[in-house]
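Note on naming: letters A, B, ... go to the chains in the order of the sequence lines (proteins, then strands), and numbering restarts at 1 for each one. None of these values were measured; they are calculated from a predicted model.
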Protein chains: 2
Amino acid sequence: MRSTAAEDYVKAIYHHTEWQPEPVTPSQLATRLGLANSTVTEMVKKLAAAGLVHHRPYGAVELTPEGRRLAVRQVRRHRVVETWLVERHGYEWDEVHDEAEILEHALSDRLLESIAASLGDPERDPHGDPIPAADGTVRRPDAVLLADAPAGHEGAVVRISDEDPAMLRFLADAGIALDARLTVLGVKPYSGSMQVRALRGTVDVGPDVARAIWLAA
Amino acid sequence: MRSTAAEDYVKAIYHHTEWQPEPVTPSQLATRLGLANSTVTEMVKKLAAAGLVHHRPYGAVELTPEGRRLAVRQVRRHRVVETWLVERHGYEWDEVHDEAEILEHALSDRLLESIAASLGDPERDPHGDPIPAADGTVRRPDAVLLADAPAGHEGAVVRISDEDPAMLRFLADAGIALDARLTVLGVKPYSGSMQVRALRGTVDVGPDVARAIWLAA
DNA sequence: GGCATGATTTCGGCATGCCGAAAAAACTGC
DNA sequence: GCAGTTTTTTCGGCATGCCGAAATCATGCC
Ligand SMILES: [Mn+2]
Ligand SMILES: [Mn+2]
Ligand SMILES: [Mn+2]
Ligand SMILES: [Mn+2]
């Protein structure tokens with residue numbers, strides 16, 4: 001049971017706890033994977049039988065150590081591929097995800113490591129997500145969600161969620177990229193949006209954006 | 001109907017007529033693809049319904065123009081990947097086939113062309129097989145099968161079949177590689193093997209090898 | 001404690017690719 | 001031309017992943 005489907009499921013489960021550590025429910029998984037709830041229930045049962053996840057009926061889904069190993073491996077593959085596409089093939093950071101989603105299952109370990117080596121064994125991908133090492137080691141940078149940062153907080157952007165390519169383009173236009181320095185000016189009451197100073201000027205960002213950007217702590 | 005299975009089938013059909021132009025039978029396809037005859041019969045029916053092949057029951061299988069286009073595209077992808085693995089990732093020529101067999105289905109057109117461009121748009125792969133151009137143009141070098149070459153014939157190796165990795169290693173050890181100059185010394189009666197002079201000395205090659213090597217005409 | 005609501009699971013079904021066994025057709029040698 | 005062999009096709013079946021509809025469970029509210 002290490003099909004490409006299984007690889008995507010454990011990756012989605014891992015992903016959910018990577019920045020906020022709450023266990024993931026089947027319906028959340030279904031949403032992220034774009035599948036029906038019933039499909040996820042069935043697959044989770046198979047993953048549990050294969051020893052990749054823990055799951056009691058009607059409960060949340062959690063990775064076993066073996067499932068986590070597979071997930072971390074898959075995350076490494078995904079992020080190495082994304083980095084390679086940007087660094088070596090002229091992709092923009094909002095164009096890499098779909099291609100990586102497929103390639104991550106197709107490359108041999110040997111080829112993936114050769115590509116990683118040719119990139120100098122990068123430690124983060126184009127969105128700032130940490131790339132696990134080949135031995136499974138993961139380093140999580142200390143970071144604060146922009147939405148949680150108090151007025152006056154100032155810090156470099158260390159991660160931007162790659163969920164929404166359109167948002168990535170919006171941010172690029174606004175001059176907000178990895179390593180850009182941001183200052184939180186304040187929260188606009190009732191609008192839910194924040195005022196932020198970037199190098200290029202002041203920007204209003206809505207709650208979706210504020211939950212997609214992490215600043216150095 | 002352009003699944004990875006369909007891509008492999010049309011490629012196998014194309015492959016059969018690439019160097020000897022006889023139409024391919026279902027059982028030959030089954031052998032090449034490592035599948036049961038019944039499986040091939042069924043898939044051929046589906047390919048015919050999709051307009052990729054012509055097939056009358058109990059007859060041979062031939063590509064339609066559309067099937068040929070898909071096959072040529074797939075051959076390009078396979079050979080570009082093999083070339084890339086050898087040129088950029090330190091693979092030996094006997095190690096590339098299986099990885100290419102998978103990757104050829106996973107790369108986007110954009111990425112494949114970016115890789116091809118980074119290699120200088122190569123015209124032949126590590127075994128000497130011609131790489132079709134991106135527009136579908138195919139150039140076939142004039143070549144004679146070693147098995148068909150008369151005693152005294154002398155010419156450069158322009159192609160070595162990549163069917164059998166062990167044979168490729170044997171040939172590499174014997175100093176027979178792409179562009180090596182060979183002279184046919186003669187056929188050993190009753191043994192079916194040929195005597196051939198290479199740079200490194202004289203070699204006896206059996207019929208399998210003699211049918212795997214093409215010399216410049 | 002009972003009940004409405006939403007999440008989860010079960011169930012029947014579908015698509016794709018594959019197989020072996022059996023039936024049908026096509027060759028082959030005499 | 002015909003019997004035996006080989007090839008091809010048909011048939012029933014299996015595995016993987018997916019779906020929608022219906023049943024079941026958990027929960028929170030009164
Ligand atoms: Mn991604
Ligand atoms: Mn994927
Ligand atoms: Mn090959
Ligand atoms: Mn293939």
Can you name the residues that form a side-chain hydrogen bond (donor to acceptor under 3.5 Å, both in side chains) with B/R110, not counting sequence neighbours?
A/E95

The criterion is side-chain hydrogen bond (donor to acceptor under 3.5 Å, both in side chains); which residues satisfy it with B/R124, sequence neighbours excluded?
B/D179

Any salt bridge (charged side-chain N to carboxylate O under 4.0 Å, His left out) pairs touching residues 130-145 of chain B, not counting sequence neighbours?
B/E123-B/R139

Ring pair (Phe, Tyr, Trp, His ring centres under 6.0 Å): pairs with one or both residues in residues 18-46 of chain A, sequence neighbours excluded
A/W19-A/W214

Per-helix bend value, the helix from C/dG1-D/dC30 to C/dC30-D/dG1, C1' rotation axes over five pairs per end, 10° rounding, shows 10°

Output the distance between atom CE (A/M167) and atom OG (A/S161), rounded to the nearest 0.5 Å.
7.0 Å

Quickly work out the B/L33 CG to C/dC19 P distance and round it to whole Å.
10 Å

For A/H78, what residues pass the ring pair (Phe, Tyr, Trp, His ring centres under 6.0 Å) criterion, not counting sequence neighbours?
A/H97

Please list, one pair per line, the donor and acceptor atoms closer than 3.5 Å that link side chains of residues 37-52 of chain B to other protein atoms, with sequence neighbours excluded.
unit_1 : atom_1 : unit_2 : atom_2 : d
B/T41  : OG1    : B/N37  : O      : 3.2

In 5'-to-3' order, the base (B), backbone-only (S) or no-contact (-) status of each nucleotide in nucleotides 2-17 of chain C, using a 4.0 angstrom heavy-atom cut-off, is ------BBBBB----S

What pairs with A/H89 under ring pair (Phe, Tyr, Trp, His ring centres under 6.0 Å), at least two apart in sequence or on another chain?
A/W84

